[in-house]
Amino acid sequence: MIDKSSGPSRRHSVVATAGHVDHGKSTLIRSLTGIEPDRWAEERRRGLTIDLGFAWASLPSGIDVAYVDVPGHERFVTNMLAGLGPVGAVLFVVAADGGWQAQSSEHRDALAAFGIEHGVIALTRTDRVDTDRIAEVSERIRAEFAGTGLAEAGLVEVAAPTGHGLPQLRGALDAMLSRTPEPSPAGRLRFFLDRAFTITGAGAVVTGTLQSGSIAVGDRLDLHGERGITPVTVRGLQTENDPIERVLPVSRVAVNLRGVGAEGIARGEQLLSPGAWRPIELVDLRLVSGVELADLPESPTLHLGTAAVGVTLRPLAREFARVRLQRSLPLAPGDRVVLRDPGSARIAGAVVLDVDPPQFTRRGDAARRADALAAGASAVDARAEVRRRGVVARSELVLLGVTGADGPPPAGVVDVGPWWLDEDWLSAASRKLRDAVVEGHRSDPLAAGLSRGAAIELLGLPDPSLLATVTDRAGSLQLAGGYVADPDHTGMGEAEQALRRIEQRLASHPFDAPEADQLTAEGIGTRELAAAEHRGRLLRLTDVVVVLPNAPALAMRTLEGLSQPFTTSQARQALGATRRVAIPLLELLDRRGWTRRIDGGHREVVR
């Protein structure tokens, strides 16, 4: 679809050819469009398509179709796969006089590997054979496509030189494309390039098939390739030789770029939404078509879009494998890729399951990973990813292309700011934290609890702010003063009996604080006093002057009964306290704003 600056929008689509060499693919495209798809003089001289060719025309319904003509010769398989990779519909060509051939099978397998299920089959050169031959080849075609996505594809008999069957072929293409869902223009852009060249006065131009997302003049994009990421700006756009302001899928597009030269831009590089993709070098995938993984070499070539990248293949099980790419690609779960043996015609189709798989660090990890993939081989959604990771930034899932990551949290997922937490993980983490706190109190009764830093390290939290969420889920725990503690833990271990004696003394005489030597005799030191205060059992007025936590409130009841203002001596006598206790107690009341100091010798209660 093209969205032009003026006039109504029309639906556009892209169809790739496929089929054995010299079965009339290019001739058929010329007959359908009036355009020569072979771009090179050598191709026209030899009558052999070597590289991708392009042409376009409108169908009876008004759909504008761009055709990508792919080479059929076995020596140009990489170019063929680059033509099919970004395209979702195919015109499969079989010559009636030649019949089904070796590259017919190879192209069929490539379509299955890429998951292409929309197409029309053209039986060409029917003017060269009799009806029995046409029936024989047609029957063979149906048998070869049985069980594939093109098993029910329309089959049209044509003779391009005479025009026989061309109206019926256009009608079949029209009907097929009308049934093909239109991709959404929303979402992140991933545009694979198939050509790059320079136009005098304009600069670098790249072309490709836009399958999803949109591109507009003025857009700032990332060019990703072997050189890494290069920021570029869209200077201009064309489709079918028409300048446009914005292009939507599915379309053939030429993009004029500012910020880069065409030199060094290679087929397979991509234009991406800035910051929306993570370049991936390690994936886990599942075999869906073609030869067994064990029949592929250790170092096959991976094809995605127009890209071809060498990889190292490690089978995990009969249908699962781990692949390490020699250079990164913007991969997403659910991508269909082709694995090809460069030394033969063997290919396999696979679907990407995980673009951020766990590393293997222990013996048996590969087998355990295969079991995990088998248990959820088709689960590439946000719920499954959060369950596997436990806690993950939602933006990370969006960057990895996980289905559902850009929506509300799914069931079983707790939304905490930018983080998504698995319910089961959160419950397990809270139990682990509670067990650690209880054990800490048991082994060291005087400890304030588990330090904040130790708790974060214990749980492996990626963000310290998540500790509050885990603590809250634990229920019986409390996060305060830099510690996670059990508020019900008030015991003091060996100092418990001595502390109770001090509490009993202060309960009877609230302001008769024990002397320092009395505390020492009871075995109560600085650490014991700090622990008692942290548990809310004592209040320290100074390092060694302690009262009960309710002492300030009791003092206020007495001070409110004095004539206002009052002196320190009057307060001391009313409370029955020594200066050692009275002065720090009055200073505490001042700090709390309960009393106010008027001058050097007088205070008053704040009403």
Side-chain angles (χ1 to χ4, degrees), residues 1-6 9 12 14 66 85-86 182-281 304-307 309 327-332 335 355-356 393-402 405-407 418:
M1 179 182 294
I2 300 300
D3 183 10
K4 297 191 178 185
S5 56
S6 62
S9 62
H12 284 236
V14 180
E182 291 189 65
S184 170
R188 52 187 186 164
L189 174 72
R190 182 178 60 175
F191 177 61
F192 284 92
L193 311 182
D194 50 40
R195 285 192 298 161
F197 50 90
T198 300
I199 295 180
T200 303
V205 176
V206 297
T207 68
T209 297
L210 180 65
Q211 274 283 29
S212 62
S214 65
I215 307 175
V217 174
D219 279 355
R220 296 180 182 274
L221 304 175
D222 285 343
L223 175 63
H224 175 255
E226 294 187 21
R227 296 165 297 181
I229 297 290
T230 303
V232 295
T233 301
V234 177
R235 184 178 182 182
L237 291 169
Q238 279 193 359
T239 185
E240 300 173 13
N241 285 342
D242 290 331
I244 54 174
E245 293 297 317
R246 182 169 180 252
V247 62
L248 309 178
V250 173
S251 305
R252 284 292 305 171
V253 191
V255 186
N256 184 196
L257 297 176
R258 181 186 295 115
V260 68
E263 303 81 6
I265 299 179
R267 174 175 291 171
E269 297 190 11
Q270 317 92 38
L271 288 176
L272 307 173
S273 301
W277 291 86
R278 175 195 285 181
I280 300 298
E281 295 181 353
L304 173 71
T306 60
V309 178
R327 60 180 173 86
S328 63
L329 285 176
L331 287 153
D335 278 344
V355 295
D356 188 24
R394 175 178 168 273
S395 59
E396 178 72 5
L397 298 182
V398 172
L399 193 64
L400 294 174
V402 175
D406 55 354

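If you read the sequence from its start, that first residue is 1, and numbering goes on from there. Predicted model only: the values in this text are computed from it and were never measured.
Contact annotation: the side chain of E263 approaches that of T198 to within less than 4.5 Å [non-hydrogen atoms, C-beta and beyond]. With a 4.5 Å cut-off on side-chain heavy atoms, R252 and D194 count as touching. The side-chain heavy atoms of L189 and W277, taken from C-beta on, include no pair separated by under 4.5 Å. Side chains of I199 and N256 form no contact here, defined as non-hydrogen atoms less than 4.5 Å apart. In this structure, the side chains of L329 and Q270 come closer than 4.5 Å at one or more pairs of heavy atoms. Taking 4.5 Å as the limit, every side-chain heavy atom of L221 sits out of range of all side-chain heavy atoms of V255.
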Next on the checklist: Let's go through V309 and L304 carefully: what are the C-alpha distance in whole Å and the side-chain angles of both, what is the deciding distance for side-chain contact (heavy atoms from CB on, under 4.5 Å) to 0.1 Å, and is it a yes or a no?
Outcome noted: CA-CA 9 Å; V309 178; L304 173 71; over 6 Å; no
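In this structure E281 satisfies the side chain to side chain contact (heavy atoms under 4.5 Å, CB included) test together with S328, sequence neighbours excluded. Evaluation of the salt bridge (Lys or Arg N to Asp or Glu O under 4.0 Å) rule for E226 yields R327 as partners, not counting sequence neighbours. For S184, the side chain to side chain contact (heavy atoms under 4.5 Å, CB included) test picks out A186, with sequence neighbours left out. Annotation: salt bridge (Lys or Arg N to Asp or Glu O under 4.0 Å) contacts of D219 (sequence neighbours excluded): none. Among residues two or more places apart in sequence or in another chain, the salt bridge (Lys or Arg N to Asp or Glu O under 4.0 Å) test is passed with R227 by E269. Shown here are the side chain to side chain contact (heavy atoms under 4.5 Å, CB included) partners of P86, two or more places apart in sequence or in another chain: T209, T306.
A side-chain donor-acceptor contact under 3.5 Å links R235 to the backbone of A202. The main-chain N or O of G213 is never found under 3.5 Å from a side-chain atom of R188 such that the two would form a donor-acceptor pair.
Residues A405 and R394 share a closest heavy-atom pair of O-NE, 3.0 Å. The two atoms that bring F192 and G268 nearest to each other are CD2-O, 3.7 Å, heavy atoms only. Annotation for D222 and S273: closest pair OD2-O, 4.4 Å, computed over non-hydrogen atoms. Pairing each heavy atom of A196 with each of V206, the nearest pair is CB-CG1, 4.0 Å. Between R246 and S214, the shortest heavy-atom contact is NH2-OG, 3.5 Å. The two residues P249 and P183 make their nearest non-hydrogen contact at CG-O, 3.8 Å.
By the 4.0 Å N-to-carboxylate-O rule, R190 lies close enough to D335 to be salt-bridged with it.
A side-chain contact (heavy atoms from CB on, under 4.5 Å) with L271 is found for one member of L210, V253, V234, L257 and no other, namely L257.
S251 OG to L237 CG: the interatomic distance, rounded to the nearest 0.5 Å, is 10.5 Å. The CG atom of L397 sits 10.5 Å away from atom CG of D406, with the distance rounded to the nearest 0.5 Å. Taking OG of S212 as the reference point, atom CG of L248 lies at 11.5 Å (rounded to 0.5 Å). Between the CZ atom of F191 and the OG1 atom of T207 there is a distance of 6.5 Å, given to the nearest 0.5 Å.
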